[in-house]
Protein chains: 2
Amino acid sequence: MKIGELSRATGTNIETIRYYERIGLLPPPARTDANYRSYDGGHRARLSFVRHSRDLGFTIEEIRSLLDLSDHPDRDCSEADRIATRHLQQVEEKIAQLSALRDELQRIVGRCRGGLAGDCRVIEALGDHGQCEGAH
Amino acid sequence: MKIGELSRATGTNIETIRYYERIGLLPPPARTDANYRSYDGGHRARLSFVRHSRDLGFTIEEIRSLLDLSDHPDRDCSEADRIATRHLQQVEEKIAQLSALRDELQRIVGRCRGGLAGDCRVIEALGDHGQCEGAH
DNA sequence: TATGCAGCCTGTAGCCACTACAGGGTCAAG
DNA sequence: CTTGACCCTGTAGTGGCTACAGGCTGCATA
């Protein structure tokens, strides 16, 4: 299959596929006489693996390790578990951060009465150093 | 105050302060005879505003608009409210996304029994197209 | 007076994970 | 024989910094 078909089959941008090849995440495929890339099922599976991993937020380097494990079924898979567990922790941290941030934004947004910028609580709150809570 | 003091006072990297000046977020300060940047309280307040906004996840362009409003107290502040509300929505969406992602990661991580990579459920799950749920 | 070192300056390049061209070649249909 | 979809390489841009390289200034100490 040509790059456009692979792109449609996996929902991956053509430029991204070439990018993955350039950084060594996908092996260089065979070429047609016209120098077009020619992919097979293995490439497709590998790209799906990469996309699914990216969708889950793994970094390229993490995916490189995971692919490496998947290429060597005889190795111990605890490394894969470690990567996934650490990533899960990071996601949980990020959620906690964003939740705190959402709370502060909600406090700020709720205060706008639609007057002039000079009296605006939103702008005022941003100028504060975060101690607006107990300040008045 | 010199750039190092401003850096300590606001918890902002020196390179970042110069970066903000370069992109026009902070006005160029006066210079000493030795060509050192010389900041005043106004600069400090503005930088605090920027840092606080960045901590809340506003983009540079959004901060530019917010600063513009804060520079013109006679304008209507509904624009500030609009920016903050939209940003809040984005944060909420992000949290929802990450929560879904966390759930999937938890499912994946919980399945590793520590065997060989060839039998690893983590790697297997990543290779799937996300239909692993009802598949077996 | 010499010397060392912290701090400042400019300018450029790197980070991540793409994305978007420019400028060209290839191929099948009409 | 032309049109238009598709493919190629190579380079530069995105956001928001961060990290140098290579050089200047200012102050304390020997």
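Sequence order on DNA chain C of the closest nucleotides to B/Glu15 and B/Lys2 puts B/Lys2 first from the 5' end. Residues B/Arg51 and A/Arg31 each lie close to DNA chain D; by heavy-atom proximity, the contact nearer the 5' end of the strand is made by A/Arg31. Comparing A/Thr59 and B/Ile3, the nucleotide of DNA chain C nearest to each residue sits closer to the 5' end for B/Ile3. Toward the 5′ end of DNA chain D lies the nearest nucleotide of A/Arg22, the other residue of the pair A/Arg22 and B/Tyr20 mapping further downstream.
Look at A/Glu5 and A/Arg8 and you find no salt bridge, because none of the NZ, NE, NH1 or NH2 atoms lies under 4.0 Å from a carboxylate O. Under 4.0 Å is where a charged nitrogen must lie from a carboxylate oxygen, and between A/Glu21 and A/Arg18 no such pair does. For the pair A/Arg46 and A/Asp71, the salt-bridge criterion is met [side-chain N within less than 4.0 Å of a carboxylate O].
The structure places OG1 of A/Thr10 at 15.0 Å from CZ of A/Phe49, a figure rounded to the nearest 0.5 Å.
Taking atom CG on A/Asp33 and atom P on D/dC8, their separation rounds to 14 Å, with Å as the unit. Nucleotide D/dC24 holds its P atom 17 Å from the CZ atom of B/Arg37, rounded to whole Å. What separates OH of B/Tyr36 from P of D/dT25 is a distance of 8 Å, to the nearest Å. Atom-to-atom, CD1 of B/Ile23 to C1' of D/dG16 comes out at 8 Å; the value is rounded to the nearest Å. The distance between atom CG of B/Leu25 and atom P of D/dG16, rounded to the nearest whole Å, is 10 Å. Atom-to-atom, CD1 of B/Ile14 to P of D/dG16 comes out at 22 Å; the value is rounded to the nearest Å.
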Pair B/Asp40-B/His43, side chain to side chain donor-acceptor pair (under 3.5 Å): steps then yes or no = CA-CA 5 Å; B/Asp40 61 21; B/His43 287 102; 2.9 Å; yes

query = Does the pair B/His52 and A/Glu104 meet the rule for a side chain to side chain donor-acceptor pair (under 3.5 Å), with working shown?
reply = CA-CA 11 Å; B/His52 191 194; A/Glu104 189 168 356; 3.0 Å; yes

task = Give the C-alpha distance, both sets of side-chain angles, the deciding distance and a yes or no for side chain to side chain donor-acceptor pair (under 3.5 Å) between B/Glu92 and A/Gln106.
result = CA-CA 10 Å; B/Glu92 281 168 347; A/Gln106 273 170 347; 3.3 Å; yes

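At the heavy-atom level, B/Arg54 lies under 4.0 Å from the strands shown only through sugar-phosphate atoms. If you check every strand for non-hydrogen atoms under 4.0 Å, A/Phe58 touches nothing.
Think of the region where chain B sits on DNA chain C: with heavy atoms and a 4.0 Å cut, that region ends 5' and 3' at C/dG7 to C/dT10.
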